[in-house]
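See below for the structure under consideration.
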Amino acid sequence: MEKTVRRNFFVWEYEKEEKWLNKMSSEGWQLVQASLFKYKFENGEPDEYEYKLELLDKDTKNKESRAYLDFLQETNVELIGEVSNWIYLRKKKSEGGFSDDNRLIRKVTHSTKIGEIYQNIMILFLSMIAISVVGIMIFHDLKTSPATSFFEGFFTGIVLASSIISVLLIPAIKKNQKKIRRALRELVVAERG
């Protein structure tokens, strides 16, 4: 028996998504395919697999990513789905599942990669704001016509939309930074202990 579930997780909610996938596994629903907001499950043995999400540096077509995925396959880790460089992995629990040995390092690495994504998005929107402000100043100084009014309004809209999106991203960025600091503290405590 199969079922498809559509569910939305944001990139910073990967732990929540992993927890949900592993809960589905404990109920006997094993993930067999994953794509953007769409999960396909087959009914199987409860707790048959453990699931893990990972954010690669580059997409799965990249030579380094392929080598890494080949290594995972040699350790009986299956690639279930991918969205760009975001991958869904599973391993049979009877084979030990995924090791907790590098859990903290993985948490720091993953959160740092997400921080880089946020940084790139913020740079993009701030660049759009800067370019649009220059556009507004140029069209504002030109003789008024329907075309100059249109472009002045167009650039004003870009400034407003980019500013709103940038402000809305701030809480997610702060939350991710807290997650990195918390994971680093846990890592230091574990290394000392």
Side-chain angles (χ1 to χ4, degrees), residues 1-121 165 168-169 171-180 182-184 186-187 190:
M1 189 164 126
E2 292 182 353
K3 76 175 177 178
T4 300
V5 178
R6 294 187 183 278
R7 191 150 178 199
N8 183 20
F9 289 99
F10 295 105
V11 71
W12 60 86
E13 296 180 309
Y14 78 97
E15 290 169 317
K16 184 177 177 182
E17 187 174 5
E18 269 183 8
K19 189 175 183 177
W20 175 69
L21 292 172
N22 286 304
K23 181 180 181 290
M24 293 293 286
S25 176
S26 72
E27 296 171 359
W29 290 104
Q30 305 308 325
L31 183 69
V32 293
Q33 189 178 0
S35 57
L36 192 61
F37 311 129
K38 186 177 175 185
Y39 306 86
K40 185 175 179 182
F41 295 92
E42 283 183 357
N43 204 350
E45 294 294 317
D47 281 324
E48 184 176 356
Y49 290 97
E50 181 178 355
Y51 294 90
K52 179 176 114 169
L53 306 176
E54 197 166 323
L55 185 60
L56 301 175
D57 289 331
K58 298 179 179 149
D59 70 26
T60 57
K61 291 165 187 60
N62 176 274
K63 184 180 176 183
E64 293 166 12
S65 296
R66 284 279 17 125
Y68 176 66
L69 293 171
D70 290 343
F71 165 75
L72 289 177
Q73 189 175 11
E74 289 173 13
T75 62
N76 297 324
V77 174
E78 296 176 62
L79 175 65
I80 299 301
E82 60 185 83
V83 178
S84 186
N85 55 336
W86 188 258
I87 57 174
Y88 294 79
L89 305 170
R90 76 178 185 181
K91 186 170 183 180
K92 286 194 177 254
K93 282 195 170 185
S94 62
E95 296 174 0
F98 292 102
S99 169
D100 276 346
D101 293 345
N102 64 357
R103 181 184 61 83
L104 293 174
I105 293 172
R106 188 171 73 92
K107 203 181 226 184
V108 171
T109 304
H110 185 85
S111 296
T112 302
K113 287 178 185 177
I114 290 173
E116 290 171 4
I117 292 169
Y118 285 142
Q119 181 180 350
N120 291 336
I121 291 171
I165 292 170
L168 292 174
L169 279 174
I173 291 169
K174 286 184 175 185
K175 185 176 181 180
N176 190 61
Q177 289 172 339
K178 284 181 184 177
K179 192 181 279 191
I180 292 170
R182 192 177 326 116
L184 285 171
E186 289 176 31
L187 188 60

Does any part of the side chain of [Y], heavy atoms only, come nearer than 4.5 Å to the side chain of [X], both counted from C-beta?
X    : Y    : answer
W29  : M1   : yes
E50  : N22  : yes
Q73  : L79  : no
L53  : I87  : no
R90  : V32  : yes
N85  : N62  : no
I180 : T112 : yes

Are any of the side-chain nitrogens in E27 or K23 under 4.0 Å away from the carboxylate oxygens of its partner? yes
Salt bridge or not for K179 and E15, using N-O below 4.0 Å?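 Yes, charged N to carboxylate O under 4.0 Å.
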Would you find a donor on one side and an acceptor on the other, under 3.5 Å apart, between the side chain of [X] and the backbone of [Y]?
X    : Y    : answer
N176 : S111 : yes
S65  : D59  : yes
Q30  : E45  : yes

Show your working on salt bridge (charged side-chain N to carboxylate O under 4.0 Å, His left out) between E64 and R66 and close with a plain yes or no. CA-CA 5 Å; E64 293 166 12; R66 284 279 17 125; over 6 Å; no
When you check the side-chain N and O atoms of Q177 and Y118, is any donor under 3.5 Å from an acceptor?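 Side-chain D/A pair, Q177 to Y118: absent.
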Nearest-0.5 Å distance, [atom1] of residue [X] to [atom2] of residue [Y]:
X    : Y    : atom1 : atom2 : value
K91  : I80  : NZ    : CD1   : 13.5 Å
S35  : W86  : OG    : CH2   : 14.5 Å
D70  : T75  : CG    : OG1   : 11.0 Å
F9   : E18  : CZ    : CD    : 10.5 Å
I117 : L169 : CD1   : CG    : 11.5 Å
E54  : E82  : CD    : CD    : 13.0 Å

Going by the ring-ring contact (aromatic ring centres under 6.0 Å, His included) test, which pairs reach into residues 39-66, not counting sequence neighbours?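 Passing the test, one end in residues 39-66: W20-Y39, W20-F41.
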Just checking [X]: does its [atom1] atom have more than 12 heavy atoms from other residues, nucleotides or ligands closer to it than 6.0 angstrom?
X    : atom1 : result
R6   : CZ    : no
E13  : CD    : yes
E186 : CD    : yes

Which pair of non-hydrogen atoms, one from [X] and one from [Y], has the smallest distance, and what is that distance?
X    : Y    : result
K113 : L55  : NZ-O, 2.6 Å
S26  : P46  : O-CB, 3.3 Å
V108 : A183 : CG2-CB, 3.5 Å

If the condition is side chain to side chain donor-acceptor pair (under 3.5 Å), which residues does D47 pass it with, not counting sequence neighbours?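 Side chain to side chain donor-acceptor pair (under 3.5 Å) list for D47, sorted by chain: K93.
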Could you walk me through whether N76 and K92 pass the side chain to side chain contact (heavy atoms under 4.5 Å, CB included) check? CA-CA 8 Å; N76 297 324; K92 286 194 177 254; over 6 Å; no
